[in-house]
Amino acid sequence: MSKANQIQAPKGVSEYLPPQSRKFESVRHALLEPAKSAGYELIELPVFEDTELFTRGVGESTDVVSKEMYTFEDRGGRSITLRPEGTAGVMRAVIEHGLDRGQLPVKLYYSGPFFRAERPQAGRYRQFYQVGIEAIGIQDAALDAEVIAIADAGFKSIGLKKYRLEITSLGDSASRAKHRVELVKFIEKLNLDEATRTRASINPLRLFDDKRDEIKDQMASAPLLLDFLSAESLKDFEDVQKHLKALKIDYIINPRMVRGLDYYTGTTFEFVHELLGAQSGIGGGGRYDGLMAQLGGQELSGIGFGLGIDRCVLAADAEGISFDQEFTSDLFIIPLGDESKSRALTVAQELQNAGFRVEISFGDRALKGSMKAADKSNAEYVLVLGDSEISSGTVELKQMSTGKTSSVTLTSLKDYLRSVSGK
RNA sequence: GUGGGCGUAGCUCAGCUGGUAGAGCACCCGGUUGUGGUCCGGGAUGUCGCGGGUUCGAGCCCCGUCGCUCACCCCA
């Protein structure tokens, strides 16, 4: 098999094959459960949207929109983009279908693939998976705290320990405007290369996030947005912290935190894992005041988060967390001879319908080979189904862990399995 | 878009200063009739990423190219 002209997966996509895929499933489940427990409901949306949704919602000045979108023209000449993040799409659906006309807040959760045309690296993929929630329509520091708590509960439920929560507040627009003037003045005096200066002119906050030492050193004395918060914004931020303390959720204030999406205002947060490489953010989110209106809806505030399933899987690996749900079947049926195959299928069907996990040995391998297959499948019990069993109606059920066999009639098989498995 | 590392069997890798390819795991068959795990014996599998060059001879050297990977920008 030559690899030269083999079709490969597109560059930079994350794929989960068994048995690794079990981890993915467990992680997604763990991240989703806390949201359900808090009364959030599923919203399932398309993975592609009108391009304008993102240019208007996420912001033209962001890297996500300016250089990382998968955009193409569909057959009707419309510009379509594979969703790079989840919030904009949720807002679109909420506005379009009037979900915000009922009781507030609207509480939604979702999970699925997202797409960004970036250069891939550890923990960064072109197709990646997120779990997200959005709570729309109520401005309340307690809600901010709940959203953060839901994310935290998800990570804890995976078993993650080596992560930290960083929070800050971007304040209201007046606070940000005041700070921006001072920050721009400060940056003008710095010694920066052309590319960095251009970046700063688009959004000066971005310089806080630069990883290069020469930039970090220069930015050490830069004016911080937190120091420019209005009394109202500050009170809100303190309330969020008060609630987090009540919830016993540890956090650190990171006044230099920058988020890549333009719509954030007020409370913003990020969960950072300590054992991952350069891409260490396992989740993040914040409040967005202007987004709904920006997209043509009411002036409603919202808050939400996106958690990276891929990165959580990597983090779980890094922490050595094992997902102990081994793939085990209750019963493995080995038919001997063509006549018995049909019978094996019907026996399996009946037991599967009764809630047991039952596998069949397919093909015409020797009994020994089938036994090995049964062994590998971790089946609890094995039964050989040949002519004599079918005519007598009685099978020898072998318990693999002990090697012991017991005679059971085919008609009582279900009851027998129930009694020994407790299912 | 920019930079570093790496591309040898399904997987993990070995291959000394160039002499036409190996191990472990996994897989399949067998160790006398229809009962697994251990053990023993046997077996299949590679255009050594691709193309070109140097050489009597290249997996090993040179050039190009593609891919993977890590990092920068940025982000889940």
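Every heavy atom of this structure was used, including side-chain atoms; hydrogens, water molecules and symmetry mates were not. Letters go in sequence order (proteins before strands), and every chain restarts at 1.
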Visitor: With a non-hydrogen cut-off below 4.0 angstrom, is Ser388(A) in contact with a base, only sugar-phosphate, or nothing?
Guide: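 The residue Ser388(A) makes base contact.
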
Visitor: My understanding is that only residues two or more places apart in sequence, or in another chain, count here; which of them pass salt bridge (charged side-chain N to carboxylate O under 4.0 Å, His left out) with Lys185(A)?
Guide: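 Salt bridge (charged side-chain N to carboxylate O under 4.0 Å, His left out) check on Lys185(A) returns Glu182(A).
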
Visitor: Please work out if Lys67(A) contacts a base, only the sugar-phosphate, or nothing of the nucleic acid, heavy-atom cut-off 4.0 Å.
Guide: base

Visitor: Taking the basic N atoms (NZ, or NE/NH1/NH2) and the acidic carboxylate oxygens, is any pair closer than 4.0 Å for Glu166(A) and Arg164(A)?
Guide: yes

Visitor: Closer than 4.0 Å, any side-chain N/O of Lys376(A) to the OP1 or OP2 of C27(B)?
Guide: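 Yes, within the criterion.
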
Visitor: From the options G34(B), G37(B), A71(B), select the nucleotide whose nearest atom is closest to the side chain of Leu367(A).
Guide: G34(B)

Visitor: Tell me: CG of Asp209(A) to C1' of C73(B), nearest whole Å?
Guide: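 Going from CG in Asp209(A) over to C1' in C73(B) covers 10 Å.
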
Visitor: Between Ala366(A) and Val384(A), which has a closest nucleotide on RNA chain B that is more 5'?
Guide: Ala366(A)

Visitor: Can you tell me how far apart CG (Leu229(A)) and CG (Asp236(A)) are? Round to the nearest 0.5 Å.
Guide: 9.5 Å

Visitor: Please report the distance separating the C1' of G4(B) from the corresponding atom of C11(B), rounded so that it comes out in whole Å.
Guide: 26 Å

Visitor: Once salt bridge (charged side-chain N to carboxylate O under 4.0 Å, His left out) is applied, do any residues pair with Arg287(A), and if so which ones, sequence neighbours excluded?
Guide: Asp144(A)

Visitor: Counting neighbours of NZ on Lys156(A) that are heavy atoms of other residues, nucleotides or ligands and sit closer than 6.0 Å, is the number greater than 12?
Guide: yes

Visitor: Output all residues satisfying salt bridge (charged side-chain N to carboxylate O under 4.0 Å, His left out) with Lys11(A), sequence neighbours left out; order by chain, then residue number.
Guide: none

Visitor: Which part of the nucleic acid, if any, lies within contact of Arg119(A), taking any heavy atom under 4.0 Å across all strands shown: a base, the sugar-phosphate backbone alone, or nothing?
Guide: base

Visitor: Tell me the interatomic distance from Tyr110(A), atom OH, to A76(B), atom P, rounded to whole angstroms.
Guide: 11 Å

Visitor: Using a 4.0 Å heavy-atom cut-off across all strands, classify Gly277(A) as base, sugar-phosphate, or nothing.
Guide: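 Result for Gly277(A) = sugar-phosphate.
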
Visitor: What's the gap between G59(B) and G7(B) when it is taken at their C1' atoms, as a whole Å value?
Guide: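 Result for the C1' pair: 11 Å, nearest Å.
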
Visitor: Check RNA chain B against residues 126-133 of chain A and give the residues with a non-hydrogen atom under 4.0 Å, in numerical order.
Guide: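 Under 4.0 Å from RNA chain B: Phe128(A), Gln130(A).
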
Visitor: Check whether any side-chain nitrogen or oxygen of Gln279(A) sits under 4.0 Å from OP1 or OP2 of A76(B), and answer yes or no.
Guide: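 No, because none of the side-chain N or O atoms of Gln279(A) sits under 4.0 Å from OP1 or OP2 of A76(B).
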
Visitor: Contact class for Arg206(A) (heavy atom, under 4.0 Å): base, sugar-phosphate, or nothing?
Guide: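 It contacts sugar-phosphate atoms only.
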
Visitor: Which residues pass the ring-ring contact (aromatic ring centres under 6.0 Å, His included) test with Tyr251(A), sequence neighbours left out?
Guide: none

Visitor: Determine whether a donor-acceptor pair (N or O, by modelled atom type, separation under 3.5 Å) exists between the side chain of Asp289(A) and the backbone of Ser301(A).
Guide: no

Visitor: Base, sugar-phosphate, or nothing: which does Ala122(A) touch, judged by heavy atoms less than 4.0 Å apart?
Guide: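 Sugar-phosphate, no base atom in range.
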
Visitor: When you measure from the side-chain N and O atoms of Lys398(A) to the phosphate of G36(B), is any distance below 4.0 Å, counting only OP1 and OP2?
Guide: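 Negative; the distance criterion is not met.
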
Visitor: Does Asp375(A) make a side-chain donor-acceptor contact with the base of G36(B), cut-off 3.5 Å?
Guide: yes

Visitor: Under 4.0 Å, heavy atoms only, any strand: does Leu336(A) hit a base, just the sugar-phosphate, or nothing?
Guide: base

Visitor: OP1, OP2 of C72(B) versus side-chain N and O of Gln121(A): anything below 4.0 Å?
Guide: yes

Visitor: Hey, does Lys368(A) reach any base, or is it just sugar-phosphate, or nothing, if we go heavy atoms under 4.0 Å?
Guide: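 Touches a base.
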
Visitor: Kindly state whether the ring of Tyr288(A) and the ring of Tyr263(A) have centres lying under 6.0 angstrom apart.
Guide: yes

Visitor: If a pair means Watson-Crick or G-U wobble with both distances below 3.5 Å, what does RNA chain B look like in dot-bracket form, with | marking bases paired to a different strand?
Guide: (((((((..((((.....[..)))).(((((.......))))).....(((((..]....))))))))))))....

Visitor: ring-ring contact (aromatic ring centres under 6.0 Å, His included) for Phe305(A) and Phe271(A)? Distances and angles first, verdict last.
Guide: CA-CA 10 Å; Phe305(A) 63 57; Phe271(A) 288 86; 7.9 Å; no

